[in-house]
Amino acid sequence: MTTMTKGTKIFAWIMVVWNAMGVLAFVSQLLMTPEMIAQLPEAQQEAYKNIPTWSMVAYALAVFGGLLGSLMLALGKKLAFPLLVVSLAGVLVQQFYNFVIIDSIALLGPSVVILPAVVVIISILLVVVSQRGVKAGWLQ
């Protein structure tokens with residue numbers, strides 16, 4: 001049996017913090033009142049109106065799956081892999097809503113692509129790292 005490298009462990013704990021910030025962003029969005037939304041620029045107000053339940057469920061799976069999966073990765077548990085796969089699926093469904101259903105690029109401009117692209121890349125990286133950990137045996 002091999003063990004997780006120090007660099008991978010550091011990466012995993014950084015990902016715990018990253019995904020905790022995602023959970024905070026999710027909770028912040030849930031707590032937005034109509035009055036708070038009304039204070040946003042008009043284009044952003046449109047993005048927050050009528051978000052379907054399935055998109056919010058995908059967002060929840062993305063952030064909570066990412067947080068729990070990253071925690072399991074940091075703790076050396078193979079449960080990290082399925083949790084991070086669920087998180088990636090949530091991320092992809094959420095981005096489908098953002099970029100195909102509501103066309104957030106047209107709504108908010110091309111700069112809106114940067115953070116979601118980073119989120120997708122990190123989500124894929126977490127799945128790959130956890131999958132390698134399972135195969136190599138350093139996730140138990």
Side-chain angles (χ1 to χ4, degrees):
M1 177 180 80
T2 60
T3 59
M4 188 182 323
T5 66
K6 185 177 181 179
T8 303
K9 189 159 281 270
I10 291 169
F11 167 76
W13 283 109
I14 291 170
M15 292 298 96
V16 169
V17 173
W18 166 261
N19 282 291
M21 291 188 312
V23 168
L24 290 174
F26 174 78
V27 171
S28 294
Q29 184 172 329
L30 280 181
L31 296 176
M32 286 186 77
T33 64
E35 295 78 22
M36 294 165 79
I37 294 170
Q39 293 176 0
L40 296 172
E42 211 171 305
Q44 288 182 11
Q45 288 180 40
E46 287 302 312
Y48 283 100
K49 287 182 183 173
N50 303 317
I51 297 173
T53 301
W54 61 265
S55 180
M56 290 303 290
V57 168
Y59 189 7
L61 289 172
V63 297
F64 289 103
L67 178 59
L68 292 173
S70 295
L71 184 59
M72 292 297 105
L73 182 64
L75 296 174
K77 305 295 182 189
K78 66 182 176 183
L79 183 57
F81 177 67
L83 287 168
L84 292 168
V85 168
V86 167
S87 176
L88 175 59
V91 166
L92 295 176
V93 169
Q94 182 193 21
Q95 298 317 323
F96 174 79
Y97 173 74
N98 289 337
F99 292 103
V100 176
I101 304 293
I102 66 167
D103 192 8
S104 58
I105 295 172
L107 199 59
L108 303 170
S111 65
V112 75
V113 173
I114 296 168
L115 183 59
V118 170
V119 169
V120 169
I121 290 166
I122 288 173
S123 296
I124 292 168
L125 182 60
L126 281 165
V127 167
V128 169
V129 169
S130 64
Q131 182 180 37
R132 287 183 181 168
V134 170
K135 285 182 180 177
W138 47 263
L139 289 180
Q140 298 295 313

Exercise for the section: Identify the two heavy atoms, one from V120 and one from Q95, that lie closest to each other, and give their separation to 0.1 Å. Expected result: CG2-CG, 4.1 Å
Practice task
Could you pull out the closest heavy-atom pair between A20 and L67, with the gap in Å?
Solution key: N-CD1, 3.8 Å
Exercise for the section: Check whether any side-chain N or O of K9 sits under 3.5 Å from a backbone N or O of A74 as a donor-acceptor pair, and report yes or no. Expected result: yes
Practice task
Could you check whether the rings of F64 and F26 sit parallel, tilted or perpendicular, using 30° and 60° as the cut-offs?
Solution key: perpendicular
Problem - Rounded distance [0.5 Å steps], CD1 in I51 versus OH in Y59 - result: 9.0 Å
Exercise for the section: Would you kindly confirm whether I10 and V17 end up in one hydrophobic cluster when ILVMFWY residues are joined by side chain heavy atoms under 4.5 Å apart? Expected result: no
Practice task
With rounding to the nearest 0.5 Å, note down the distance linking CG in L84 to CG in L125.
Solution key: 10.0 Å
Completion exercise
Here the gap from Q140 atom CD to M4 atom CE, rounded to the nearest 0.5 Å, amounts to 10.0 Å
Problem - Taking every non-hydrogen atom, the tightest pair across L139 and A80 - result: CD1-CB, 4.4 Å
Problem - Atom of S87, atom of A62 and distance for their closest heavy-atom approach - result: OG-O, 2.6 Å
Fill in the blank from the handout: In this structure, CD1 of I14 is separated from CD1 of I122 (nearest 0.5 Å) by 10.0 Å
Problem - Expected output: side-chain Q94 to main-chain A58 donor-acceptor under 3.5 Å - result: no
Practice task
Measure the spacing between CE of M32 and CD1 of I37 and express it to the nearest 0.5 Å.
Solution key: 5.0 Å
Handout entry: Single-linkage hydrophobic cluster, 4.5 Å side-chain cutoff, I121 and V63 together
Key = no
Practice task
State the NZ-CZ distance between K135 and R132, to the nearest 0.5 angstrom.
Solution key: 9.0 Å
Exercise for the section: Apply side chain to side chain contact (heavy atoms under 4.5 Å, CB included) to W138 and T5, showing your working. Expected result: CA-CA 9 Å; W138 47 263; T5 66; over 6 Å; no
Exercise for the section: Kindly indicate whether the side chain of V129, heavy atoms from C-beta on, has any atom under 4.5 Å from the side chain of M15. Expected result: no
Practice task
Give the minimum heavy-atom separation between W13 and L75, together with the two atoms involved.
Solution key: CZ2-CD2, 4.1 Å
Exercise for the section: Decide yes or no for F81 and M72: does some side-chain heavy atom of the first lie under 4.5 Å from some side-chain heavy atom of the second? Expected result: no
Problem - Hydrophobic cluster identity match, L61 and W18, side-chain contacts under 4.5 Å - result: no
Exercise for the section: Indicate yes or no for a side-chain donor-acceptor contact from S130 to the backbone of V127 under 3.5 Å, with no hydrogens or angles considered. Expected result: yes
Exercise for the section: Verify the cluster assignment for L73 and V86: are they in a single hydrophobic cluster under the rule of side-chain heavy atoms below 4.5 Å apart? Expected result: no
Problem - Same cluster (ILVMFWY, side-chain, under 4.5 Å), V91 and V85 - result: yes
